[in-house]
Protein chains: 2
Amino acid sequence: MADTQTPGGQTLLFLTDEQLRKGIEAMFFAYRGFTADPDRILEEYRLGRAHHRALHFISRAPGTTVNNLLSILGVTKQSLNRVLRTLIDDGLVESRVGTRDKRERHLFLTDSGIALEQELSTAQRERMRQAYREAGPEAVQGFRTVLEAMMDPELRQHFNRGRDSGDE
Amino acid sequence: MADTQTPGGQTLLFLTDEQLRKGIEAMFFAYRGFTADPDRILEEYRLGRAHHRALHFISRAPGTTVNNLLSILGVTKQSLNRVLRTLIDDGLVESRVGTRDKRERHLFLTDSGIALEQELSTAQRERMRQAYREAGPEAVQGFRTVLEAMMDPELRQHFNRGRDSGDE
DNA sequence: CTTGGAAAGTCAACAACACTGACATAAAAC
DNA sequence: GTTTTATGTCAGTGTTGTTGACTTTCCAAG
């Protein structure tokens, strides 16, 4: 990777369009691999990727409100509602009316919801673990750093809110 | 990052579910950022992400056949056909009957196709460049390594076929 | 205490883009 | 000359996004 030090000590990167394009394609192909395993499982349950995302974030923050989920997922409430409706009808998610504010719905996974989320999550984690193993520890650190730098600032907040239990 | 050396010299990584889940979320949020800029541009042209992907790979390999594009993009011919027809009708892509094999159609960008692809590509490259700059050279290397390890083997072939002009 | 606006969620209709299945045409391969 | 391959098309379906219109609930200003 071409880089030099300026007199001031700052590292400059000279990136050709070709190198950047390669990174773009890597994102494209990798994302396909990233979603492939869960997609296969979801098919059996007649659910889609949107359901997976909802399950994931509800699992991570049980009791979260619809509104909070909306801002994380970045879709319209109508779109999310259809997804939640399916999950609730399928008995995977439970929606409890808020006690403090009755307009809010707090979302929880049911036992079967937890089971499915685990199944999906495990498949995806195994892919990730495999990739991490193959690439090595320094690569993993770089991977995470670049991904974070690629996020919109608002999404980065969401990302950093669900705090890491400190491995770095 | 926790890692140790085995007596044999192999590096082992001990990855918690939490660390892996964090990587999963990073992919999710980063991919959103990754597509955000092109999506905005595409909206003005009333095109979608599928059109962008087609433009990208035609630009990358001018004269490519429909079949080749199909295997890269991993969609059905019916799906790709709808996209290509729009692009051809909009005068962005030209389809030429093959000379050696007249069953094949070779795909090329028109001048306006090249212009749009450039516009999209530039926006996406700028995001990537920004992220690379922010993360630094070692991070970029790791980023690419992990992404490649995450791909399905078949897709990895496609990725490596469009060869890099040697920066590593 | 009432009223009016904001917030949360729901219902209906529509669009983009993926899918399957069936079929047509032309050219190449055997 | 039959089969296979490459491409295109038509019809139908599903997921996931969109907007617009609506109800219920909450809260705060009068």
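Remember, predicted model here, so these are calculated numbers, not experimental data. A, B, ... follow the sequence lines: proteins, then strands. Residue 1 opens every chain.
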Subject >> Nucleotide nearest A:Arg53 when distance is taken to its side chain, options D:dG8, D:dT16, C:dC17 >> reply: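 That would be D:dT16.
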Subject >> Closest listed nucleotide, where the reference is the side chain of A:Arg105 and the choices are C:dG9, D:dT18, D:dT7 >> reply: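 Minimum distance to the A:Arg105 side chain belongs to C:dG9.
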Original post:
How long is the gap from CG on B:Leu109 to CZ on B:Arg60, to the nearest 0.5 Å?
Top reply: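 If I round to the nearest 0.5 Å, the distance is 12.5 Å.
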**OP:** Measure the OH-CG distance between B:Tyr45 and B:Asp90 for me, rounded to the nearest 0.5 Å.
**Re:**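 Going from OH on B:Tyr45 over to CG on B:Asp90, the span is 11.0 Å.
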Would you give me the side-chain donor-acceptor pairs under 3.5 Å for residues 70-80 of chain B, sequence neighbours excluded?
unit_1	atom_1	unit_2	atom_2	d
B:Ser71	OG	B:Asn68	O	3.1
B:Ser71	OG	B:His158	NE2	3.2
B:Thr76	OG1	B:Ser79	N	3.3

Separation of [N] [atom2] from [X] [atom1] (nearest whole Å):
X        : N      : atom1 : atom2 : answer
A:Arg103 : C:dG9  : CZ    : C1'   : 11 Å
B:Leu47  : C:dC17 : CG    : P     : 8 Å
A:Glu104 : D:dT23 : CD    : P     : 22 Å
A:Arg82  : D:dT16 : CZ    : C1'   : 6 Å
A:Arg85  : C:dC11 : CZ    : P     : 6 Å
B:Asp101 : C:dA26 : CG    : C1'   : 10 Å
A:Glu43  : C:dA18 : CD    : C1'   : 12 Å
A:Asn81  : D:dA21 : CG    : P     : 18 Å

Original post:
Do A:His106 and A:Thr64 touch side chain to side chain, with heavy atoms closer than 4.5 Å?
Top reply: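 The answer is no; the side chains never approach within 4.5 Å.
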Report which part of the nucleic acid [X] touches: base, sugar-phosphate, or nothing (heavy-atom distance under 4.0 Å, all strands).
X       : result
A:His52 : nothing
A:Lys77 : base
B:Arg46 : nothing
B:Thr65 : sugar-phosphate

Subject >> Closest-nucleotide 5' rank along DNA chain D - winner of A:Gly98 and A:Gln78 >> reply: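 Counting from the 5' end, the first nearest nucleotide belongs to A:Gln78.
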Original post:
Ring centroid separation for B:Phe29 and B:Phe34, is it under 6.0 angstrom?
Top reply: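 No, ring centres 6.0 Å or more apart.
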Under 4.0 Å: is that the gap between some side-chain N or O of [X] and OP1 or OP2 of [N]?
X       : N      : result
B:Asn67 : D:dT5  : no
B:His51 : C:dA16 : no
A:Thr76 : D:dG17 : no

